[in-house]
Protein chains: 2
Amino acid sequence: MVIECRLMRSPEELVKSFRESGRKVTPQREKIFQILQGNKTHPTAESVYAELLREMPTVSLKTVYQTLHELVGMGEISPLDLGTGSARFDPNQSTHHHLVCTRCHSVKDLYLDIEDIQIPGEQLEGFDAGTAEITFRGHCSKCRTAVSGQSQIAVHQG
Amino acid sequence: MVIECRLMRSPEELVKSFRESGRKVTPQREKIFQILQGNKTHPTAESVYAELLREMPTVSLKTVYQTLHELVGMGEISPLDLGTGSARFDPNQSTHHHLVCTRCHSVKDLYLDIEDIQIPGEQLEGFDAGTAEITFRGHCSKCRTAVSGQSQIAVHQG
DNA sequence: TGGTAAACGAAAATCATTGTTTTTTGGCCC
DNA sequence: GGGCCAAAAAACAATGATTTTCGTTTACCA
């Protein structure tokens, strides 16, 4: 499997693309583009909002959601539901999978060179599978230490 | 990879287990055990509640959530976040994956006989991956027909 | 059979997200 | 540069899923 690199376009290109598709470009939107560019933290709407607030104290969360949805619709970012409570958005559009820490909810990208997974036909029952995401769950290095440390005083928890 | 079969224990065994661990057994809980046993619909808390209501009109949703969480904590059922809006619970604890219909949100179990997936060490960075779930997204046979039919009148939507 | 901690039910609270309404503004026309 | 108008923003109410709170009831061990 060849891994191809597809990142979200640059803020400048997005501005152009927004205008071309009849969308308007506002300072709020431009700033959101910048926050997302090259962002590898798999931000939630809330975390984008928090960063945006630092420069635009009156911006509303609704605006963030709306812009993120526009970007998803245009195929610039991917929505991600990793079971961490809120939706995440990923400007990295390359084929990749995720490591999710079940303790601190951090997410790390994973590039796997795996063969296409074969699904036995009798189990498909006419299902048309377009995408396959693999989510690995466990503990990140930080939490692994924290958990083993913690277990000495709270063995019976969890 | 050998697929081993681990189902939720029977209602009778769960009653015993609840008592042994200091938990109390109420009629509400017993009924929830029965609803879950052998259930392959990946029910949400809400759908368990709906079924429970038929026999116990005064039961509260809170009771359902509490009991489901107890069962998750005891390892009898698995919580499942498949991006369908609400958490689902699966009494089937065998290693399996899921087909999720992006249109009607139905979920189907999938038993894949795949090798353990190798993660390149340099990408792991000390991460300790315990589980790997593969989620296939696409359209179930019903929705496949529905979607292609619909597209003739609403080509520009979506 | 009674005491007590656990579980229950009802309703309010919370969290993530979406709708609604009113006001503001980007981008085109002159 | 000023005006227009639909799109976007802001403020805020509303929704759906889940959790908290709190007063009441109940399982179960003594």
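A, B, ... follow the sequence lines: proteins, then strands. Residue 1 opens every chain.
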Exercise. Taking OP1 and OP2 of dT17(C), is either one under 4.0 Å from a side-chain nitrogen or oxygen of Y65(A)?
Worked result: yes
For this session: Give the rounded distance in Å between these two atoms: CZ of R88(B) and C1' of dT18(D).
Result: 16 Å
Exercise. To the nearest angstrom, how far is Y49(B) atom OH from dG16(D) atom C1'?
Worked result: 14 Å
For this session: Return the 5'-most residue of the pair A87(A), E70(B) with respect to DNA chain C, ranking by each residue's nearest nucleotide.
Result: E70(B)
Exercise. Do R137(B) and E133(A) sit within salt-bridge range, that is, some charged N less than 4.0 Å from a carboxylate O?
Worked result: yes
Problem set entry | Residue-phosphate contact under 4.0 Å: R23(A) side-chain N/O, dA7(D) OP1/OP2 | no
Exercise. Do any side-chain nitrogens or oxygens of T63(B) fall under 4.0 Å of OP1 or OP2 in dG9(C)?
Worked result: yes
Problem set entry | Main-chain N/O of C101(A) paired with S106(A) side-chain donor or acceptor, under 3.5 Å | no
For this session: Write down the distance between CG (L61(A)) and P (dA11(D)), rounded to a whole number of angstrom.
Result: 12 Å
Exercise. K24(A) NZ to dA7(D) C1': how many Å, rounded?
Worked result: 4 Å
For this session: Examine dC8(C): is either OP1 or OP2 under 4.0 Å from a nitrogen or oxygen in the side chain of R29(B)? Give yes or no.
Result: yes
Problem set entry | Pair F18(B) and F33(B), ring centroids less than 6.0 Å apart | yes
Exercise. Tell me: CG of D81(A) to P of dA17(D), nearest whole Å?
Worked result: 14 Å
For this session: Measure the distance from CD on Q66(A) to P on dA6(D) and round it to the nearest whole Å.
Result: 17 Å
Exercise. Can you find a side chain N or O atom of T26(A) that sits less than 4.0 Å from OP1 or OP2 on dA9(D)?
Worked result: yes
Exercise. Would one find a side-chain N or O of Q28(A) under 4.0 angstrom from OP1 or OP2 of dA8(D)?
Worked result: no
Exercise. Using a distance-only test with no angle check, is there a side-chain donor-acceptor pair under 3.5 angstrom linking Q93(A) and S78(A)?
Worked result: yes
For this session: Could you tell me whether the phosphate oxygens of dT17(C), OP1 or OP2, come under 4.0 Å of any side-chain nitrogen or oxygen in H69(A)?
Result: no
Problem set entry | Of R19(B) and G85(B), the one whose closest DNA chain D nucleotide lies more 5' | G85(B)
Exercise. For the pair made of NZ in K16(B) and P in dC28(D), what is the distance, rounded to whole Å?
Worked result: 15 Å
Exercise. How long is the line joining CD of E30(B) and P of dC8(C), in whole Å?
Worked result: 11 Å
Exercise. Has the side chain of K62(A) got a donor or acceptor atom sitting under 3.5 Å from an opposite partner on the base of dA9(D)?
Worked result: no
Problem set entry | Earlier contact from the 5' end, DNA chain D, for A45(B) and F18(A) | F18(A)
Exercise. Between K16(A) and E12(A), does at least one N-O distance fall below 4.0 Å, as a salt bridge requires?
Worked result: no
